[in-house]
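Report on the structure given below.
Heavy atoms only: backbone and side chains are in, while hydrogens, waters and symmetry mates are out. In this text, all values refer to a predicted model and were calculated from it rather than measured experimentally. Count residues from 1 along the sequence. Just follow the structure's listing: the first ligand is 1, and inside any ligand the first atom is 1.
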Amino acid sequence: MLIFHDPQCAGYGAAMRPEQPARVTRTAAHLRATHPEWTWRVPAATVSDETLLLAHTHAHVKRLTQSRDFDADTPFFPEIAGHARRAVGAALEAARHALTARTPVFSLMRPPGHHATADRAMGFCYLNNIAIAALAAQRDLGAARVAVWDFDAHHGNGTEAILHAHAATPTGSSAFFFASVHQFPAYPGTGARDLGPRTRNWPVAPHTPRTEHLAALRASLDAVVAFAPDLVLVSAGFDAYARDPLTAMTLEHHDFATLGRWLGETALPAAALLEGGYADDLPLLIDAFLSAWENTPRLA
Ligand SMILES: [Zn+2]
């Protein structure tokens with residue numbers, strides 16, 4: 001397992017907010033202790049404006065440096081633009097590793113990204129790490145077909161909007177596929193239905209039994225596999241956990257191991273990026289997912 005992590009990502013925010021530095025500091029400490037054989041790398045790349053503009057507007061990139069809050073969930077922090085760029089950089093390097101080494105790779109960074117739209121920071125997200133990585137993989141890495149599998153408990157509205165806009169104007173044989181499984185109704189209120197054959201949503205009602213939620217997750221991953229992607233990018237959020245403070249879902253610790261095993265069994269090049277997950281057990285949930293992913297015997 002290769003983990004991209006920059007300790008600087010804990011350098012903003014406070015414990016009074018759910019999306020807090022301890023999410024990554026506690027996870028890093030746990031994973032280093034339980035998996036001393038895993039490789040850690042600080043993402044080196046600085047991200048150009050040109051790359052950010054694959055997914056975002058010029059005005060949005062500029063707005064990240066202006067000291068006004070974006071919304072109640074998404075405050076302005078000094079240096080948030082730098083933090084957001086580092087999370088994008090880790091996503092880009094993780095995608096590159098997935099395509100070149102074809103071994104499991106995880107970006108343990110914050111801020112998360114899947115709610116950020118082309119022109120708006122929201123829901124703890126400032127830049128859409130995964131959408132930028134998907135677009136850059138197509139532009140720079142020869143990945144014509146890129147799929148995003150989003151199992152965060154919240155709809156990946158930003159990723160959906162950005163990639164769906166690109167799906168409407170396909171260039172050559174290139175294409176994106178977006179699959180999100182999420183609580184509905186819930187924040188941000190989108191994701192009730194598919195937007196098209198390659199923009200798919202599996203809304204799951206609050207308190208749905210975990211076996212039904214898992215069936216939706218299985219169906220969503222089957223759809224990703226059927227798309228035959230060159231690269232799978234995973235919006236790995238762990239807030240569908242039964243004891244997450246922000247949601248009303250029912251997944252247990254071992255269900256995240258199941259998701260990791262399923263991902264490994266696809267034998268597709270894949271990179272996972274941390275999105276949400278706010279329970280004290282977050283380090284254990286991430287460990288379960290990554291360990292199962294890494295330990296899956298490859299079918300191909
Ligand atoms: Zn979430």
- So, Arg110 and Asp6, do they make that salt bridge, N to O below 4.0 Å? no
- Polar contact flag, side-chain donor to acceptor under 3.5 angstrom, Glu275-Ser235: yes
- Degrees at the Zn ion (ligand 1) between the OD1 atom of Asp152 and the OD2 atom of Asp239, nearest 10°: 110°
- Task: Give me the one residue out of His155, His182, His114 that meets side chain to side chain donor-acceptor pair (under 3.5 Å) with Asp150.
- Result: His114
- Hey, which N, O or S atom on His154 ends up closest to the Zn ion (ligand 1)? ND1
- Cation-pi between Arg218 and Trp262: NZ/CZ under 6.0 Å from ring centre and within 45° of the ring axis? yes
- Query: Counting backbone and side-chain atoms alike, does His114 have an N/O/S atom under 2.8 Å from the Zn ion (ligand 1)?
  - Reply: no
